[in-house]
Amino acid sequence: ALTVENCTINAEQTSSYSVYGINGRKGSSLTVKNSSITARNTENSGYAYGIYADQGTLTVEKCNISAESSNLNAYGISTYETNASISEGTISAQTNSSSYRAYGVYSSYGSVTLSGTPGISATTADFYYPSTSNYKVVFTGTMSAPSEPYSFIGRSGYGFTSGAYLCNI
């Protein structure tokens, strides 16, 4: 288990590799609180991940997370087979490429629980689940503007479809 609290992490990559603000590898339990995480890739190839979590648990509380890629995908938070809980703070993902995408929260085979209305903004979609029916977003507490509506994109036939959004919970 790893806890990151009251930290500032700035990760920048100027070569052709991906950059991670925090990279939680297979089976990890990661908690991030009251921190600022920035991942920026300024090269022509390589993704940017604010936080990546793989096959474990992720708790994010009152954090400001941003991912920027000059030419490929950017992910504020990306999870695979992970149960994530996100409360308050902001998540931003931006790309300068019209050929690639940026996602606030990108999740496969897991669940995301939101509370305290985190501000999520991304070039492509606030939430994206690529190809699974095992994705769940849970809203707890009172959700209110300005962070709504959240935009969702998912593979057709698996719940939400491109262009769908959820608001005024």
Side-chain angles (χ1 to χ4, degrees), residues 1-114 116 118-132 135 137 147 150-155 162:
L2 173 66
T3 297
V4 176
E5 190 166 2
N6 300 318
C7 290
T8 299
I9 298 171
N10 293 308
E12 187 162 337
Q13 183 64 274
T14 57
S15 65
S16 61
Y17 298 99
S18 294
V19 62
Y20 299 83
I22 296 176
N23 187 356
R25 298 306 282 173
K26 237 179 197 178
S28 62
S29 175
L30 177 62
T31 300
V32 186
K33 296 180 179 181
N34 302 312
S35 295
S36 176
I37 298 150
T38 302
R40 183 177 295 119
N41 195 319
T42 58
E43 186 53 44
N44 289 335
S45 60
Y47 298 132
Y49 297 87
I51 296 176
Y52 178 80
D54 183 1
Q55 297 179 350
T57 61
L58 172 65
T59 302
V60 178
E61 298 175 1
K62 298 180 182 177
C63 291
N64 296 314
I65 301 164
S66 68
E68 303 169 22
S69 179
S70 62
N71 207 33
L72 286 178
N73 289 359
Y75 307 88
I77 295 176
S78 179
T79 66
Y80 177 75
E81 290 185 355
T82 297
N83 294 317
S85 173
I86 303 167
S87 65
E88 302 183 49
T90 61
I91 302 166
S92 171
Q94 308 298 321
T95 183
N96 294 327
S97 172
S98 60
S99 300
Y100 288 90
R101 309 286 182 254
Y103 306 104
V105 177
Y106 181 102
S107 182
S108 298
Y109 299 100
S111 67
V112 176
T113 300
L114 295 176
I120 303 172
S121 65
T123 306
T124 306
D126 298 334
F127 291 93
Y128 181 74
Y129 60 105
S131 60
T132 175
Y135 180 72
V137 177
S147 299
Y150 294 123
S151 64
F152 290 78
I153 296 179
R155 184 174 166 200
S162 181

> What pairs with N96 under side chain to side chain contact (heavy atoms under 4.5 Å, CB included), at least two apart in sequence or on another chain?
Replying inline: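 For N96, the residues satisfying side chain to side chain contact (heavy atoms under 4.5 Å, CB included) (neighbours in sequence not counted) are S70.
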> Of all residues at least two apart in sequence or in a different chain, which pass the side chain to side chain contact (heavy atoms under 4.5 Å, CB included) check with T90?
Replying inline: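 Here the qualifying residues are N64.
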Report all side-chain donor-acceptor pairs from residues 71-79 shorter than 3.5 Å, counting only partners two or more places apart or in another chain.
from, atom 1, to, atom 2, distance (Å)
N71, ND2, N44, O, 3.1
N73, OD1, R101, N, 2.8
N73, ND2, Y75, OH, 2.9
T79, OG1, S107, OG, 2.9

> Mind checking what makes salt bridge (Lys or Arg N to Asp or Glu O under 4.0 Å) contact with E61, not counting sequence neighbours?
Replying inline: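 Scan of E61 (salt bridge (Lys or Arg N to Asp or Glu O under 4.0 Å), adjacent residues dropped) gives none.
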> With sequence neighbours excluded, what pairs up with E81 under the salt bridge (Lys or Arg N to Asp or Glu O under 4.0 Å) test?
Replying inline: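 For E81 there are no salt bridge (Lys or Arg N to Asp or Glu O under 4.0 Å) partners, ignoring immediate neighbours.
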> Taking T113 for the side chain and S85 for the main chain, is one N or O donor matched with an acceptor at less than 3.5 Å?
Replying inline: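 Flag not set: sc T113 to bb S85 has no pair under 3.5 Å.
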>> Check whether T82 reaches the backbone of A53 with its side chain - one donor and one acceptor, N or O, closer than 3.5 Å.
In response: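 Indeed, once roles are kept as given, a pair shorter than 3.5 Å links the two residues.
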To the nearest 0.5 Å, what is the distance between [atom1] on [X] and [atom2] on [Y]?
X	Y	atom1	atom2	result
T3	L30	OG1	CG	8.0 Å
S108	Q55	OG	CD	11.5 Å
I9	I65	CD1	CD1	9.5 Å

> What side-chain hydrogen bond (donor to acceptor under 3.5 Å, both in side chains) pairs are there with at least one residue in residues 26-37, not counting sequence neighbours?
Replying inline: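 Every pair satisfying side-chain hydrogen bond (donor to acceptor under 3.5 Å, both in side chains) with a residue in residues 26-37: S29-T57.
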>> Once side chain to side chain donor-acceptor pair (under 3.5 Å) is applied, do any residues pair with T123, and if so which ones, sequence neighbours excluded?
In response: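 Result, side chain to side chain donor-acceptor pair (under 3.5 Å) vs T123: Q94.
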Non-hydrogen atoms of [X] and [Y] that approach each other most closely:
X	Y	result
A93	A102	O-CB, 3.4 Å
A48	A39	CB-O, 3.9 Å
G21	A11	CA-CB, 4.2 Å

>> Measuring only between side-chain heavy atoms, which start at C-beta, is V105 closer than 4.5 Å to L114?
In response: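 Of all side-chain heavy-atom pairs linking L114 with V105, none is under 4.5 Å.
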>> Applying ring-ring contact (aromatic ring centres under 6.0 Å, His included), can you list everything that pairs with Y20, at least two apart in sequence or on another chain?
In response: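 Counting only residues at least two positions away or on another chain, Y20 forms a ring-ring contact (aromatic ring centres under 6.0 Å, His included) with Y49.
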>> The criterion is ring-ring contact (aromatic ring centres under 6.0 Å, His included); which residues satisfy it with Y17, sequence neighbours excluded?
In response: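 Residues passing ring-ring contact (aromatic ring centres under 6.0 Å, His included) with Y17: none at all.
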> Hey, which of V60, N23, I91, I86 is the one that makes side chain to side chain contact (heavy atoms under 4.5 Å, CB included) with I51?
Replying inline: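 Of the listed residues V60, N23, I91, I86, the side chain to side chain contact (heavy atoms under 4.5 Å, CB included) partner of I51 is V60.
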> Can you pull the salt bridge (charged side-chain N to carboxylate O under 4.0 Å, His left out) pairs that have at least one residue in residues 12-21, sequence neighbours excluded?
Replying inline: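 Checked against salt bridge (charged side-chain N to carboxylate O under 4.0 Å, His left out) - neighbours excluded - the pairs reaching residues 12-21 are E12-R40.
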